[in-house]
Structures are given as C-alpha cells and as structure tokens.
Amino acid sequence: MSDFDVLHQKAKAFYSNYDRKSELQHQTHYCPGCGHGIVHKLIAKAIDELGVQNRTVLVSPVGCSVFAYYYFDVGNVQVAHGRAPAAATGIKRALPESIVISYQGDGDLAAIGSAEILHAANRGEPITVFFINNAIYGMTGGQMAPTTPLGEKSTTSPFGRSIWNEGYPLHISEVLSSLEAPVYIERVALGNNKMIQGAAKAIKKALDTQAKGLGFSLIEVLSPCPTIWKMQPQDAQKWVEEELTKVYPLAVFRDKTKEAQPRPAPKPAPSLETVRDLIAAGKHAQSSPPTDAPPTAFPSRGRKGADLRIKVAGFGGQGVLMLGQVLAEAGLEAGLEVSWLPSYGPEMRSGTSNCHVRIASHEIDSPLVSKPSVLMALNEPSLHKFLNAVEPGGLVLYNGTELPEGADRKDVNYIVQPFTAMADKLGDARAGNIVMLGAAGLFEPSAIDSALRRLVKTERWLELDRRALQAGRECIGVNS
Amino acid sequence: MPKQLIKGNDAIVRGAILAGCRAFYGYPITPASEIAEAAAFYMPQAGGTFLQAESEIAAVNMLYGSAAAGVRCMSASSGPGISLMQEGISYLAGAELPCVIADIMRGGPGLGNIAPEQSDYMQVVKGGGHGCYRALVLAPDSVQEMLDLTMLAFDLADEYRNPVYVLADGFIGQMMEPVEFPERATLPAPPPWAVRGNEETRKNLFTSLYLEPDDLERHVRNLQAKYDRAQREEVRFQQYRTEDADLILVGYGIVARILKSVVNLARAEGIQAGLLRPITLFPFPSEQLRSLAGTASAFTVVELSTGQLVEDVRLAVEGRKPVHLYTRVGGNVPSAEEILNVVRKGALAHV
Ligand SMILES: Cc1ncc(C[n+]2csc(CCOP(=O)(O)OP(=O)(O)O)c2C)c(N)n1
Ligand code: SF4
C-alpha cells in the first residue's frame, strides 16, 4: 500500500528470512492491512535508529501477534495471555541494562491482563509497552474486547455492545495516566499516513525513554483489523481515522521524559563471601556471637537420660514461644539435638498458645510432643488441657499459688509457684516465663545464659531475665 | 561455624540465596508469608531482587521472565496461591524454564484454613496445570532439609530446565531446628540458552507454542523423555528400620517424623515396623516400594489428606500386598500414639 512507502526497506531488526515460520517465509502471517504488521515495522525501524537491537528483548503476547518472534531479530520471550507486563518485569529486573518491550493486544492487555499492566505501570517498571487497540479479539475470531465501542456487534455481542450488559469501552491510556509513576503515555493511530508518522515518532520516543533509563512508557495504537471488521484495508484504515479516534481521542496523556530522573543504577553485587556471611549471620544480627564453650553437662536435673519432651503452654503474651526457644537454644548450646515447634492451626484457639520442644542426645524423630516429660503450664487452662498427657514420673511446673481443683494426678512431680507474681516484683510480670525456667532447673545456668544472650534484644531485658532466672532457681532451693 | 536454630521457612530462603537464587517474586499467604518476608530482607543485600507481586499469577509470570533471563529465581505460596500459579507453571514447563516454588501446604479446599495439611499433593505432584508436563517435587522433613533440598531444587531445575517444587507443610515451615550452612555460596554463570539482552543470546527464544501437530508431539515427547530420565536418576527416599520390617509405614514431611516415632514405639512392643519416606514425590520411589512388597506383608500410608499419596503407593505396590490408609485433615495431626493404635490393629489382622 502506497501509504506505507516510508517503511518499505526492511529493517535490520527483522530477520531477513522468517525461518521460524513454516511456510511463506518471506512474508508475515498478518492479514493484508493489519495494524500489527505496520506497528512491527515502526518498532523495528526505531530499534535500528536507536541502535539497541542487541539489547532488546521482545515479549510476545497471546493474540494475533503471538508470533512476533517470527520476525524480530532480538531476544524473544513468548508468554501467557495477558501476563506480558509481569514477564517483562521479571526480565527487566534480571537484566536492568536490556530494552524490554511488552507487545500486547487489547484483549491481552485490557481484559485478562488488566491487573498486570496496572501494577507494572504503577511500579513504574522501566519497560516499554506497545498496546495494539483494534477494538476486537482478532485471533479467536471476533469476540468483543473491553475496547469495543458501544453499539458495535461482535460474535459475543451480537446485538451490539450495551452499557447495561458489557459496560463502557475501557480507556486504558486515560486510566494509566491517573497513576503517578508512568513517564510517557500516548495514544496514536494508524488512520492515515500522517497519523502513522506520528505513531512512528511516539514509538521511537517510548523506546528512547527506556534506553535513557527512565521509567514506564506505553503507546496505545488504534489499529485496523480489516479481517474481523469485514472491511477492505482502505475502509478499515478510514474507520480508524474517523470512528475509532472519536471513541479514543489521540493525545499525549503523560510526558515526563524531560524531568524524569534516570533510575539509580543497581548496587554492585556483593562478593559470594559477603553473601555467605549475610546468610550465616541471619536476620536478627546476634547481640553476642555463639560461644564455642564446651558442651555443658546435660540437664542438671537429668531426667530420663537425654530425652526431654517439653510442652510449654499459656496465654499469648506470657512468653510461651520465647520460653520454648530459650530451652531449644540452651539445648543446642549443651551440644544436643533440639527441635522447637510452635502451636499452630487448630491448637491456637482462644488466645492460648503452646509449643513443643524436644531436646535429646540422639536424632529427634517426631518434633511433636504428645506425651510430655515436662509440662510448663503458665496458666490454668493449659494445666487442665495437658496434665493428663504428661508421662508418669514427669515434671509439671505450674504458675500459681496452689494446684487448682481437678489437677489431681499423683504420679507426676509438681513445682507450683506464682512465677508471674514473682516476676512482677522483679520489675516486669512478663518475665514470669523465665522465673519458671529457672525453677525447672533443666540446664546449667551458663547454657541458659548464652541462649538468653542470643535471643534477648535489649540490655534491660537481659538484665531482668538474669534476675528472673536466679529468682526461679532460688525459689526451689538451688543457690548459685 | 556452629549450628544455628532457625525456622523452616527461613531456611528455604537462606538455602535459595546460597544456591545462587537472585530473584524472589511472591504474594503473601499464611503459612508461607515468612518466606517472602525473609526474601525481602536478604535478597536486596545479596544483590538480588525481591518483589511483592500483585497476585500469584503475576508472581509466577515474573519467574517466567527472570528464568528466561537466566537468573535463578523462586516463589513461595500455599494452596490457594499455588492454584493460581498453575497456568504459569504449565507455561514454564512448556517453555522449559527452570524455577523453584515452595508450597507450604495449608488446609483446603477453598479458603480451608491456615493449619497444616498435605492436600496439595495432587495439584503439585500430578500437575495441576494443563498439558503433559511434570514438575519435580522435593519433600523435606526437617529444617536442615528445607535448606538442603531447596539448594538441590535449584540444581535440578537447571539440570532439567523445569519447575521444581519444595513441598512442605505449615509445621515444617514453622518449626525451628539446628541447621548447618554450607561453607560456600554459589552463583552459577547464566546458562547459554538464556535471553540476556546481548548479541550472543539474540537468537534465543522461549515459547511453549508449537502450531504444527508433529512439532508439538516431538516437543511433548522430549519433555516426557526428561521426566523419564528424572525417574531413573533422581529418585530419593529414606528408609528407617525397613530391613526386617513386616509392616511398612509410608509418609512424607512432618508425617514421616511422626512415623519414625511410631516405628520406635511399635518395635518396643515387638511389632516389626519400618518407614519408607519419599524425599522426591515426583519422581516417586515406586521401585523401592515394589521391592519392599516382596519382603513386608503390608503397607500403611499416613497422610494429612483424604488419600492422595496413597494412590502412588498403590500403583507402585501393584496389589502385591495390602495398602492401608490412615488420614487426618483440617489441620489435625495424628499423634504417634494414635497411629500406634492403628498399627497394633493392623498387626493383629496380619498375624
Ligand atoms: C487463558 C486464555 N484464555 C483465552 C485464550 C484464547 N485467546 C487467544 S488470543 C485471545 C484474544 C486476543 O485478542 P487481542 O489481545 O485483542 O489480540 P488480537 O488478536 O486482536 O491482536 C484469546 C481470548 C488463551 N490463549 N488463554
Ligand atoms: S485478524 Fe485482525 S488483528 Fe489478526 S492478523 Fe488479521 S487483521 Fe490483524
């Protein structure tokens, strides 16, 4: 068609022969007069002019342009329907220096992929999106698109699009330009030669925006689909010019290309040694590094050899999980195998929590403690709930002045003290869990102390916990 | 370096970064959110990307993009999110792109609850997405394995150019156990097949589209050949006291830990029990089970779903010996004593 004379020399960014296509390898699969073919040429020309062919990665959508990779001699990634902006995000994040193009139709972008485009734009993902709006689903044979004008018939709107059934046409450029992040958004059309020249300029500018390291850009191209529209190519082009532009006015909706700052370059990657250290150090940089002290004697109160099955239970806020962690850390410090499992799921009802701790000199089979050898009950409901499960001869610590009614097992040992009240006197009732730990006398104080140093974040609490531990030991007559 | 007491969910991320993972895309969901949170902390400091996606659909397609760019990448989710990812996983497998996805299973169907279940077995092990593809599936039963198997998952993903799952439950994710870290972190060079936005890789293409029936058949057969190779070369399992076992217990993840207790308790009562714990769920240790069918007199599968793993065990045993099933769901986890009762009854029935 004479209108496209400007484009007749084949761009370098196109393959000279379309080898990936099975037949007629010298021509595209697009219908005569199809907008995709024209936009392809404009993009290829812009890639040539900007000299970015080697850096370019093209993301092909699902739609008539699914085979864009037949033609573009650039890195090619074909993706699922509507997901091109997400995949482009993954590529751009991995390769910040590359030029990533998300090429999408209006079903792909405005319907099934509406979430992906909205969020890529809102993140200001520094990619370039070419959005081919032909107001219809081409590939699947003419179903309604979110962009189909009111009253237009399609195979799925046989009586014409109605505001009552399908709602209004979706104006993507307008929607996206309500966001802060995008740098450049323009709607162009392929309605006549002059419009095509405008489209060429916009397409090049959008790619240049990315090449300069600026943010998100999108060019919406009003584009003819003569086949589905059942028009001659010239008539389809005229319809774009005269009708489609009425529904979708051409405009620059956003242009911050002058003032936008290039994104800060990614920091150089740390060495692998640094990465190893980062990972080994963990999230909570430890207040004191673990000591290499020789393993302390296992449980000063060595019950049943080296196999402690401990259940800690109480109200949320009583430090149940923390107490369990101190026990596990102390066990680890003592050179033993340990596991800690918080109550989770159905066990976690009515504000109570519990955890399972196992500490053993051999490999730990199940980390779940169903028959505890030690029960640490910080409140009454926990005592009632778990007392019956304690194995005969086990140890039960209870936070209270006396055992409540119903706690009448005779075959277990009890330590009953108002641990919370004792902690309150020391300065903070929340340290009741540590007073109980002291009274349990399960570990040498040194093992507990290094566990505390690892887990407790502030000096104030460390000091309080040490006093709590001591108070606990003293209340059962252990002096240190 | 002494061992460190850490959570299973934390171990996954730390293992991933040590294995060279440099991109994490995820969407919050209990009980997997901690994985995303840990990734958000470590990834940027390790020179990688962390991004909270707008949905699991977006997250899995971000994986598709980063995988195509040759970067080791991962996501983590739980049942409802894994359901949403299935489309993308099918595309990843179809385009032969590697990635690692951790599924910390919770109760279903629908919103179910956040308690541990093993009811994603079917959607994870058998596919879940469309088309003839498989994902490799690793099932850790300890925090150390959360780290080790995640690292292995990245190697397998690259080796097979296929998505690999780390399938765990809320318990293993929440649990703390001592973990030993490897001496060194690795960062493999980008593979030659990746699209790197440079001249050398300009010729590379990722697509799962094969329009011609013969082309697609060839492609699907090639995929199957990979899965067959995995079945030959990658089966991993652990046997516990099976040599002289009369009753073989079968379970994975947290259940396998409980079953170890059950084996010990049963043996103390004179019941010759043993445990086979699949570490790979695909490929499945079918051959091993079949050979145990020659020596044992019965199998009992225990799982936190109403009977998903058991199908693979029955297929493997091929009716040679009875395969019983004991299940709990909804977030309930059987105690060792509860299972022991089942084992006792079974033992009586089989003398
Ligand atoms: C998940 C999914 N749903 C539906 C389809 C079928 N499908 C293929 S292309 C398409 C519409 C494409 O229309 P559009 O994006 O406007 O592109 P055009 O063909 O008009 O260029 C649909 C619905 C699919 N491939 N995947
Ligand atoms: S159906 Fe329409 S959009 Fe698709 S190739 Fe033909 S003219 Fe182009």
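Chain letters run A, B, ... following the sequence lines, proteins first and then strands; every chain starts at 1.
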message: Between B:Tyr91 and A:Arg83, do the side chains contain a donor N or O and an acceptor N or O under 3.5 Å apart?
response: no

query: B:Asn198 and B:Thr201: side-chain donor and acceptor closer than 3.5 Å?
result: yes

task: Heavy-atom distances under 4.5 Å only: say whether A:Ser22 touches chain B with side chain, backbone, both or neither.
output: side chain

- prompt: Can you say whether A:Ser98 sits under 4.5 Å from chain B via the side chain, the backbone, both, or neither, judging by heavy atoms?
  reply: side chain

message: Given heavy-atom pairs under 4.5 angstrom as the criterion, report whether the side chain, backbone, both or neither of B:Lys7 touches chain A.
response: side chain

message: Please classify the contact of A:Leu272 with chain B as side chain, backbone, both or neither, using a heavy-atom distance under 4.5 Å.
response: both

statement: The interface call for A:Glu273 against chain B, heavy-atom contacts under 4.5 Å, is neither

message: Looking only at side-chain N and O atoms, does A:Arg55 offer a donor or acceptor that is under 3.5 Å from a partner on A:Gln210?
response: no

query: Which bit of B:Glu338 comes within less than 4.5 Å of chain A, counting heavy atoms only: side chain, backbone, both or neither?
result: neither

field: Part of A:Gln53 within contact of chain B (heavy atom distance under 4.5 Å)
entry: both

query: When heavy-atom pairs shorter than 4.5 Å are enumerated against chain B, which of A:Lys92, A:His81, A:Arg358, A:Arg123 gives the highest number?
result: A:Arg123

field: B:Glu337 CD: over 12 foreign heavy atoms closer than 6.0 Å
entry: yes

- prompt: What part of B:Glu117 is in contact with chain A, defined as an atom under 4.5 angstrom from a non-hydrogen atom: side chain, backbone, both or neither?
  reply: neither

- prompt: Checking A:Leu95 against chain B: side chain, backbone, both or neither under 4.5 Å from a heavy atom?
  reply: side chain

query: So which of A:Val52, A:Val338, A:Val100, A:Val57 has the largest heavy-atom pair count under 4.5 angstrom toward chain B?
result: A:Val338

query: Can you find a side-chain donor-acceptor pair between B:Arg106 and B:Asn113 that sits under 3.5 Å?
result: no

message: Run the salt bridge (charged side-chain N to carboxylate O under 4.0 Å, His left out) test on A:Glu125 and A:Arg263 for me, step by step, so that the C-alpha distance in whole Å, both residues' side-chain angles and the decisive distance to 0.1 Å come before the verdict.
response: CA-CA 10 Å; A:Glu125 219 58 68; A:Arg263 306 205 134 210; 5.3 Å; no

query: Under 3.5 Å, is there a donor-acceptor pair between the side chain of B:Arg72 and the main chain of B:Ala23?
result: no

message: What part of A:Leu118 gets within 4.5 angstrom of chain B, counting heavy atoms only: side chain, backbone, both, or neither?
response: neither

message: Is B:Ile254 in contact with chain A via its backbone, its side chain, both, or neither, using a 4.5 Å heavy-atom distance?
response: side chain

task: Against chain A, label B:Glu87 side chain, backbone, both or neither, depending on which of its atoms sit under 4.5 Å from a heavy atom there.
output: side chain

- prompt: Are A:Tyr71 and A:Tyr18 close enough that their ring centers fall under 6.0 Å?
  reply: yes

field: Under 4.5 Å from a heavy atom of chain A, the part of B:Arg22 involved
entry: side chain

field: Residue among A:Lys311, A:Lys371, A:Arg309 satisfying salt bridge (charged side-chain N to carboxylate O under 4.0 Å, His left out) with A:Glu391
entry: A:Arg309

query: By a 4.5 Å heavy-atom criterion (distance strictly below it), what part of A:Ala88 contacts chain B: side chain, backbone, both, or neither?
result: neither

- prompt: Any idea which of B:Ser142, B:Gly65, B:Gly70 has the most non-hydrogen atom pairs under 4.5 angstrom with chain A?
  reply: B:Gly65

task: Answer yes if the side chains of B:Lys3 and B:Gln144 hold a donor-acceptor pair under 3.5 Å, and no otherwise.
output: no

Heavy-atom contact with chain A under 4.5 Å, split by part of B:Pro190: neither

task: Give, as side chain, backbone, both or neither, the part of B:Asp141 having an atom under 4.5 angstrom from any heavy atom of chain A.
output: neither

- line: Applying a strict 4.5 Å limit to non-hydrogen atoms, the region of B:Thr186 in contact with chain A is backbone

- line: Okay, B:Leu211 and chain A: the region with an atom under 4.5 Å from a heavy atom over there is side chain

message: Does any backbone or side-chain atom of A:Phe67 lie under 4.5 Å from a heavy atom of chain B? Answer side chain, backbone, both or neither.
response: side chain

query: Do A:Glu333 and A:Arg453 pass the salt bridge (charged side-chain N to carboxylate O under 4.0 Å, His left out) test, and can you show the C-alpha distance, the side-chain angles, and the key distance before you say yes or no?
result: CA-CA 12 Å; A:Glu333 188 71 27; A:Arg453 272 187 287 135; over 6 Å; no

message: Counting only non-hydrogen atoms closer than 4.5 Å, does B:Arg14 touch chain A with its backbone (N, CA, C, O), its side chain (CB onward), both, or neither?
response: both

task: Give, as side chain, backbone, both or neither, the part of B:Val333 having an atom under 4.5 angstrom from any heavy atom of chain A.
output: side chain

- request: Below 4.5 Å from any heavy atom of chain A, which atoms of B:Leu97 appear? Answer side chain, backbone, both or neither.
  value: neither

- line: Rounded to the nearest 0.5 Å, the CG atom of B:Asn61 sits from the OG atom of B:Ser66 at a distance of 11.5 Å

message: Other residues, nucleotides and ligands only: do more than 12 of their heavy atoms fall within 6.0 Å of NZ on A:Lys12?
response: no

message: Could you check whether any side-chain N or O of A:Thr274 sits under 3.5 Å from a backbone N or O of A:Pro270, counting only pairs where one atom can act as donor and the other as acceptor?
response: no

